[in-house]
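The structure appears right after this line, and notes come after that.
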Amino acid sequence: MKTLNTIQTLSKIAKVFSNIIFIFSIVCLCLSIVGILSLAFSFESFKLGGVTINSLLTDKGNMAKGTIYADLAQSIVYCIGALVLSKFAEKYFVKELKDGTPFTFDGAKDLLRLGILFICIPIGAQIIASIADSIIVKAFADAKPSEFDAFGSVAIGVAFIIISLICKYGAEQFAVHNKAEHIEKE
């Protein structure tokens, strides 16, 4: 039971971590949207210490406006992907904590789905972000292609898939053990 308590503690931590990532993704998404709107509508009247957002980004940051558009557009896409992934992860960990064990058939199925999502959503976000980047680079002569990499979560997705198989095996063993106990009692 000591190992199960450790697993439950890790699930609680993962649930909290998923929620933190969700909140952080919302903040980053909002800031990216504000940034892109600021560039699009030239909010010169909005000043921070006498410096406008546009001048801060283009003059002080030595970045071309088109490159900033591309970076912010990609940031929006990746934040949306992170929002979805973190919500699915939080949902899994809440269910696992409610069940009291990861060794259930439904839990293993949910973990498998989470692993697949951790592979597919970042790859899809990478494709969409690359398309947005290409469009912006073509539209702005001063834009440079951005380089983002969303493939790190593929390893996490594969790990979730492997863990789901272990959890399914544990659920099968638990079912066999319970069936044998039931037969012995009769």
On a heavy-atom basis, which atom in [X] and which in [Y] lie closest, and how many Å separate them?
{"X": "A125", "Y": "V77", "result": "O-CG1, 3.5 Å"}
{"X": "L97", "Y": "K12", "result": "CD2-CG, 3.7 Å"}
{"X": "L117", "Y": "P122", "result": "O-CD, 3.5 Å"}
{"X": "D133", "Y": "A70", "result": "OD1-CB, 3.1 Å"}

When you compare the side chain of [Y] with that of [X], does any pair of heavy atoms fall below 4.5 Å?
{"X": "I161", "Y": "I119", "value": "yes"}
{"X": "K109", "Y": "K168", "value": "no"}
{"X": "T104", "Y": "C167", "value": "no"}

Inset, instruction - Evaluate the criterion side chain to side chain contact (heavy atoms under 4.5 Å, CB included) for residue pair F103 and E172; output intermediate values, then yes/no. - result: CA-CA 8 Å; F103 302 109; E172 290 170 352; over 6 Å; no
Report yes or no: do [X] and [Y] belong to one cluster of Ile/Leu/Val/Met/Phe/Trp/Tyr joined by side chain heavy-atom distances under 4.5 Å?
{"X": "I156", "Y": "L114", "answer": "yes"}
{"X": "F140", "Y": "V137", "answer": "no"}
{"X": "I123", "Y": "I116", "answer": "yes"}
{"X": "I121", "Y": "Y92", "answer": "yes"}
{"X": "L112", "Y": "V158", "answer": "yes"}

Inset, instruction - Determine, stepwise, if the pair I7 / E96 fulfils side chain to side chain contact (heavy atoms under 4.5 Å, CB included). - result: CA-CA 10 Å; I7 291 171; E96 190 278 334; 4.1 Å; yes
Inset, instruction - Measure the acute angle between the ring planes of F118 and F160, then classify it against the limits of 30° and 60° as parallel, tilted or perpendicular. - result: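 Perpendicular: the ring planes of F118 and F160 meet at over 60°.
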Interatomic distance, [X] atom [atom1] to [Y] atom [atom2] [nearest 0.5 angstrom]:
{"X": "I23", "Y": "S18", "atom1": "CD1", "atom2": "OG", "answer": "11.0 Å"}
{"X": "I76", "Y": "C30", "atom1": "CD1", "atom2": "SG", "answer": "10.0 Å"}
{"X": "K95", "Y": "K15", "atom1": "NZ", "atom2": "NZ", "answer": "15.0 Å"}
{"X": "S86", "Y": "I26", "atom1": "OG", "atom2": "CD1", "answer": "8.0 Å"}
{"X": "F93", "Y": "L111", "atom1": "CZ", "atom2": "CG", "answer": "7.0 Å"}
{"X": "I68", "Y": "I136", "atom1": "CD1", "atom2": "CD1", "answer": "11.5 Å"}

Inset, instruction - Report, as yes or no, whether the 6.0 Å neighbourhood of atom CZ on F88 holds more than 12 heavy atoms from other residues, nucleotides or ligands. - result: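 No, the 6.0 Å shell around CZ holds no more than 12 heavy atoms from other groups.
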Legend entry - Within 6.0 Å of CZ in F105, more than 12 heavy atoms from elsewhere: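 Yes, because the 6.0 Å sphere around CZ of F105 holds more than 12 heavy atoms from other groups.
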Inset, instruction - Would you confirm whether S75, through its side chain, and D71, through its main-chain N or O, come within 3.5 Å as a donor-acceptor pair? - result: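 Such a contact is absent between S75 side chain and D71 backbone.
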